[in-house]
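Computed from a prediction, not measured in an experiment: that's the story for all the values here. Numbers here are sequence positions counted from 1.
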Amino acid sequence: MIWATRGMGRAVQVVAAGILLSRLLGFARNVVLANRLGDTPVADAYEAAFIVPDFLNYLMAGGFLAITFIPILSRYLAADDIEGARAAFNAVFRPVAVLIVILTGLAVAAAEVIVEVLFGSGGRLDADQLVEVTRLTRLVLPAQVFFVLGGLFMAVQYAHGRFLIPVLAPIIYNAGIVAGGLVGTGSGEVSATGFILGALGGALAGNLALQWWGARRTGLRLTPGRLDFGHPEFRAYLLLAVPLMIGQSIVVLDESIGKLVAAAGPEGSIFSLNLARRVNMVPVGVIAQAAGVAAYPYLARLVAEGRRAEMLASMGRTARMVVYAGGAAVAGAIAVSQPAIRVAFQHGEFSEQGTVLTAAALVGYSLSIPAWGIHQVFGRAFYAHRQMWIPVGAGTGWTLLAIPMFLIGFHVGGVPGIAVASSLAITGHALTLGLLWRRLHTAEGLAGLARTVLQVTVGGGLAAVAGWLVANAVTGGLVPDFTTGVVATLLGLGVAGVVYLVTTLVAGSAEARSIVPRR
């Protein structure tokens, strides 16, 4: 238990720090995008260009490579069979590499047709935008090769309990986009080409080259050999990966569905919606994803070693803490969304209308932050037991429900309505996973989670209202100038934070007590 707790704690700290730095660079990327492209048709085309590459990544389970491969490697490492782990890696790497290269080539060839099907109907994007989206899509598609192969190299490092080099991947990726965008728009031209080329270069450097080096440091060696699609370990990998390939979950398709629905809105709708989502993913990344990424290898190792009680205890502690931290993030987002968005993004090409739209969407998205944490914990608990079909099946069901929910949300509330629908779908998915875990496994280790949710709901609601009242008093209810926006943001966040901590302490929150220094 001591090994798992200490190891997981250090891992969470490393991953959280890395994700925080990545999100800060991602924030800088968004600032540059808003400044150079604004809420314009060019920005919409930039966002739309990632839909086909993202879906290709989902199809290859690129975002889940570590999840699918870590249990395989953990079995060998638990038995101290290093050579067996190396052989298993090579058996999986060769066919995956061939498949992603072939699929990427097919996607490049079919890009024009796919873009026309997605955005051409009903005149949602005009002819010039369709041409531009196709061009940018073809430019960025090769990055998926780097993401998928790099994901396997990351899995090797995670399985060995090494997290530092993997967390550098998104940092370098975001830095590449920022650098490419600054260079590409240096002449004053409003063009997305530099941002796309920066994404391609960042993926090559951070997600492939650096991760290959990191995996080599664990002792991994790529060895030549025949391509064997019937190898036992590749078949084992497929058994874990296929559910993720064909059962696309709301947590990975949420962004793409939102973009497709927002394309029917006014110019700049796709960019404003996705900008709000990216801002929301900063606390999601630091709170929820950090806990999930860091906890998963340890959970898988504990399951492989039969240490079930320790796994359940670690899982429960992580779930309660991510819910508590998520509640604070929701309160802060609701309190200061408009002044914070104004300060961060309303420069250059980004308009006041874009600020209002993005801030409203951010409030809608922020409601899902605690649910993202719950999803990460329960989803990875199922994955650690190699029960891929359960969370994927639940996620697929919620994806099917989300499509009409997004359409209704857009019809009722425009772009912010899409964000609210997204939060409802993510929350429903998280609750479903929790109920399935209790039914199929146990409630052991989850004592106090319902109480934490109630404390967070009450404390977060009071904190959000208090922070908003203060921020609104400073701005007068209007989009402020830069200086007033800074003051409103800082005061609103400060008041929301204090009220949240005090109210949850009064409510008896163990998580609140854990962050208050003891005398």
Rounded distance (nearest 0.5 Å) linking atom CD1 of I418 with atom OG of S423: 12.5 Å
Please check this pair: side chain of T40 against backbone of L37, looking for a donor-acceptor N/O pair closer than 3.5 Å. yes
Verify, without hydrogens or angle tests, whether T427 (side chain) and L424 (backbone) share a donor-acceptor contact under 3.5 angstrom. no
Side-chain (R138) to main-chain (V108) donor-acceptor, under 3.5 angstrom: yes
Heavy-atom side-chain contact between H429 and L433 under 4.5 Å: yes
How long is the straight-line distance from CD of E267 back to OG of S272, given to the nearest 0.5 Å? 11.5 Å
Apply the test side-chain contact (heavy atoms from CB on, under 4.5 Å) to residues F119 and L260: give CA-CA distance (whole Å), side-chain angles for both, the deciding distance (0.1 Å), then the verdict. CA-CA 7 Å; F119 295 106; L260 290 171; 3.7 Å; yes
Distance-only, no hydrogens or angles: does the R29 side chain make a donor-acceptor pair with backbone N or O of I177 under 3.5 Å? no
Of N57, N207, D54, which is the lone residue that meets side-chain hydrogen bond (donor to acceptor under 3.5 Å, both in side chains) with Q144? N57
Relative to the ring of F147, is the ring of Y173 parallel (under 30°), tilted (30 to 60°) or perpendicular (over 60°)? perpendicular
To the closest 0.5 Å, what do you measure between CZ (F153) and CD (Q157)? 9.5 Å
Taking the side chain as C-beta and beyond, is there a heavy-atom pair between P370 and V322 under 4.5 Å? no
Trace of the side-chain contact (heavy atoms from CB on, under 4.5 Å) decision for L139 with L200: CA-CA 8 Å; L139 277 178; L200 192 62; over 6 Å; no
Minimum heavy-atom separation for P166 and Q211, please, with both atom names. CA-OE1, 3.4 Å
So, for L436 and F382, which heavy atoms are closest and what is the spacing to 0.1 Å? C-CZ, 3.8 Å
We want to know whether S422 and D254 form a side-chain donor-acceptor pair, criterion being a heavy-atom distance below 3.5 angstrom. yes
Any chance the rings of F50 and F55 have centres within less than 6.0 Å? no
Identify the heavy atoms of L273 and A361 that sit nearest to each other, and give their distance. CD1-CB, 4.5 Å
When every non-hydrogen atom of V303 is compared with those of A384, the smallest separation belongs to CG1-O, 3.6 Å
Does N90 reach the side chain of R94, with side-chain heavy atoms less than 4.5 Å apart? yes
Over 60° means perpendicular and under 30° means parallel, so tell me whether F271 and F350 are parallel, tilted or perpendicular. perpendicular
Taking atom types as modelled, is there a side-chain donor on R36 or S191 under 3.5 Å from an acceptor on the other? no
Under 3.5 Å, is there a donor-acceptor pair between the side chain of N174 and the main chain of P170? yes
L401 side chain reached by M405 side chain, heavy atoms, under 4.5 Å: yes
Heavy-atom closest pair (S256 atom, I51 atom, distance to 0.1 Å) is O-CD1, 4.3 Å
Between the side chains of D44 and Q129, is a donor N or O closer than 3.5 angstrom to an acceptor N or O? no
Intermediate values then yes/no, side-chain contact (heavy atoms from CB on, under 4.5 Å), L152 and V156: CA-CA 7 Å; L152 291 174; V156 173; over 6 Å; no
Describe, in one word, how the ring planes of F163 and Y158 are oriented to each other, choosing from parallel (under 30°), tilted (30 to 60°) and perpendicular (over 60°). tilted
Would you say that T218 contacts R162 through its side chain, given a criterion of any heavy-atom pair below 4.5 Å between the two side chains? yes
Using every non-hydrogen atom in the two residues, find where A381 and W437 come nearest and quote the distance to one decimal. CB-CZ3, 3.6 Å
Measuring only between side-chain heavy atoms, which start at C-beta, is V190 closer than 4.5 Å to T185? no
Option passing side-chain hydrogen bond (donor to acceptor under 3.5 Å, both in side chains) with Y76 (candidates E83, E233, R86): E233
Could you check whether the rings of F89 and F93 sit parallel, tilted or perpendicular, using 30° and 60° as the cut-offs? parallel
I374 side, atom CD1; I426 side, atom CD1 - distance, nearest 0.5 Å: 13.0 Å
Flag the pair V145 / L149 as yes when at least one side-chain heavy-atom distance between them is below 4.5 Å, and no otherwise. yes
Supply the atom-to-atom distance I369 CD1 to M281 CE, rounded to the nearest 0.5 angstrom. 9.5 Å
Answer yes or no: does atom CD of E112 have more than 12 heavy-atom neighbours from other residues, nucleotides or ligands under 6.0 Å? no
Taking the side chain as every heavy atom from C-beta outward, state whether H385 and H441 have any atom pair closer than 4.5 Å. yes
Would you give the length of the straight line joining atom CG of D39 to atom CG of L33, rounded to the nearest 0.5 angstrom? 12.0 Å
Applying side-chain contact (heavy atoms from CB on, under 4.5 Å), run through V133 and Y46 and close with a yes or a no. CA-CA 7 Å; V133 172; Y46 169 82; over 6 Å; no
